[in-house]
Amino acid sequence: MSNAQDPFYIVKEEIQESIDKLQSTFHQWERIRPEDEERVHLTNELLANCESIEWQIDELDKAISVAARDPSWYGIDEMELESRRRWTSNARTQMGNVKKAVVPRKETGNTASAKHRELMRLPNSHQTDRSNLYSTEDNDDFIASESDRQMILIKQQDEELDELSASVERIGGVGLTIHEELLAQERIIDDLGNEMDSTSNRLDFVQKKVAMVMKKAGAKGQCMMILFLLVLFIILFILVFFT
């Protein structure tokens with residue numbers, strides 16, 4: 001199976017894009033001051049993205065474990081399996097580094113933000129609820145898109161299997177036709193051999209009869225027969241070429 005058709009590489013590209021986006025957001029998060037409200041929003045966004053990426057990597061690891069049970073069935077070898085395991089491990093490390101960098105500072109940021117809200121008497125609990133709602137909606141959208149993508153892949157595989165089945169049936173029909181043609185030719189050859197044997201036997205019989213006649217006729221009879229055949233040949237020659 002080519003890389004373009006392998007579901008692993010399709011999911012791998014999606015996960016890598018999510019990791020690249022996660023790191024970009026993390027770099028933006030690092031440049032914001034801890035007491036800034038936008039940092040709190042980015043923290044929640046980063047954690048939600050980490051959970052989503054971690055779930056995708058877990059599903060990819062499960063798929064690799066299934067493929068490892070019978071690699072030949074999926075058209076891969078142990079080297080390819082090891083390469084896939086290394087990639088998921090590396091992706092998990094990248095995601096984990098971002099998560100570890102964000103989590104220890106989350107409580108500090110939340111504490112500073114809580115003090116700031118208390119001093120300013122500006123509660124923002126509704127903002128947290130809104131962030132959680134956005135994260136839930138993002139997860140639902142991701143699950144729905146993954147389900148649709150899996151259905152499309154399954155449909156494509158079914159179509160490929162149908163085409164393969166039709167090709168096998170056509171090849172089987174051609175093989176059966178060739179087999180029937182070979183049997184017919186074998187019968188023709190057998191019939192031709194039998195006819196040749198029969199003709200050979202008849203020719204031997206005629207030769208023996210001629211030899212017996214020639215032997216009984218003697219020298220004079222042989223001369224008369226040769227003369228008769230010569231006259232008959234001349235007559236036939238004249239009839240064929242001069243009439």
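Applying the side-chain hydrogen bond (donor to acceptor under 3.5 Å, both in side chains) rule to Arg170 yields the partners Ser167; only residues at least two apart in sequence or on another chain are considered. Evaluation of the side-chain hydrogen bond (donor to acceptor under 3.5 Å, both in side chains) rule for Asn201 yields no partner, not counting sequence neighbours. Taking Asn97 as the reference, nothing meets the side-chain hydrogen bond (donor to acceptor under 3.5 Å, both in side chains) condition, with sequence neighbours excluded. Evaluation of the side chain to side chain contact (heavy atoms under 4.5 Å, CB included) rule for Glu180 yields Leu176 as partners, not counting sequence neighbours. Partners of Phe237 under the side chain to side chain contact (heavy atoms under 4.5 Å, CB included) rule, at least two apart in sequence or in another chain, are Phe241, Phe242. In this view, Asp77 satisfies the salt bridge (Lys or Arg N to Asp or Glu O under 4.0 Å) rule with no residue, not counting sequence neighbours. Residues forming a salt bridge (Lys or Arg N to Asp or Glu O under 4.0 Å) with Arg33 (at least two apart in sequence, or on another chain): Glu35. The salt bridge (Lys or Arg N to Asp or Glu O under 4.0 Å) check on Glu59 picks up Lys62, with sequence neighbours excluded. For the side chain to side chain contact (heavy atoms under 4.5 Å, CB included) test, no residue two or more places apart in sequence or in another chain qualifies with Asp162. Listed by chain and number, the residues in a side chain to side chain contact (heavy atoms under 4.5 Å, CB included) with Leu81 are Ile64, Ala67, Ala68, Pro71, Ile76, Glu78, Arg85 (sequence neighbours excluded).
For the residue pair Asp70/Ser72, the side-chain donor-acceptor check at 3.5 Å is satisfied.
With respect to the salt-bridge test (charged N to carboxylate O, under 4.0 angstrom), the residues Glu51 and Lys99 do not qualify.
Only one option out of Leu47, Leu46, Val40 pairs with Thr43 in a side-chain contact (heavy atoms from CB on, under 4.5 Å); it is Leu47.
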Under the criterion side-chain contact (heavy atoms from CB on, under 4.5 Å), I'd like the reasoning laid out for Ile10 against Leu153: C-alpha separation, chi angles, the key distance, then a yes or no. CA-CA 10 Å; Ile10 298 176; Leu153 290 176; 4.0 Å; yes

Apply side-chain contact (heavy atoms from CB on, under 4.5 Å) to residues Arg69 and Ser65 and explain how you reach the verdict. CA-CA 7 Å; Arg69 298 175 186 172; Ser65 299; 5.7 Å; no

Run the side-chain contact (heavy atoms from CB on, under 4.5 Å) test on Leu42 and Glu45 for me, step by step, so that the C-alpha distance in whole Å, both residues' side-chain angles and the decisive distance to 0.1 Å come before the verdict. CA-CA 5 Å; Leu42 288 179; Glu45 181 179 346; 3.7 Å; yes

Mind listing the side-chain donor-acceptor pairs of residues 15-27 below 3.5 Å, one per line with the distance, residues two or more places apart or on another chain?
residue : atom : partner : partner atom : Å
Gln16   : NE2  : Asp20   : OD1          : 3.1
Ser18   : OG   : Glu14   : O            : 3.1
Gln23   : NE2  : Gln94   : OE1          : 3.1
Thr25   : OG1  : Lys21   : O            : 2.9

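A 4.5 Å side-chain heavy-atom check between Asp58 and Arg92 finds at least one atom pair inside the cut-off.
Looking at Thr93, its side chain does come within 3.5 Å of a backbone N or O of Ser89 through a donor-acceptor pair. Using a distance-only test at 3.5 Å, with no hydrogens or angles considered, no donor-acceptor pair links the side chain of Ser200 to the main chain of Met196. Counting only distance, with no hydrogens or angles, the side chain of Thr199 and the backbone of Glu195 share a donor-acceptor pair below 3.5 Å.
Rounding to the nearest 0.5 Å places CG of Leu236 at 10.5 Å from CG of Leu229. Summarising the geometry, atom CG belonging to Leu60 is positioned 8.0 Å from atom CD1 belonging to Ile57; distances are rounded to the nearest 0.5 Å. With rounding to the nearest 0.5 Å, the separation of CG in Leu164 from CD in Gln157 is 12.5 Å. Residue Arg84 holds its CZ atom at 5.0 Å from CZ of Phe8, rounded to the nearest 0.5 Å.
Cluster membership for Trp73 and Tyr9, using ILVMFWY side-chain heavy atoms within less than 4.5 angstrom, is shared. Under the 4.5 Å side-chain heavy-atom criterion for grouping Ile, Leu, Val, Met, Phe, Trp and Tyr, Ile188 is not connected to Leu182 through any hydrophobic cluster. Under the 4.5 Å side-chain contact rule for hydrophobic residues, Ile235 and Phe233 do not share a cluster.
Through direct or indirect side-chain contacts shorter than 4.5 Å among Ile, Leu, Val, Met, Phe, Trp and Tyr, Ile154 is connected to no other residue.
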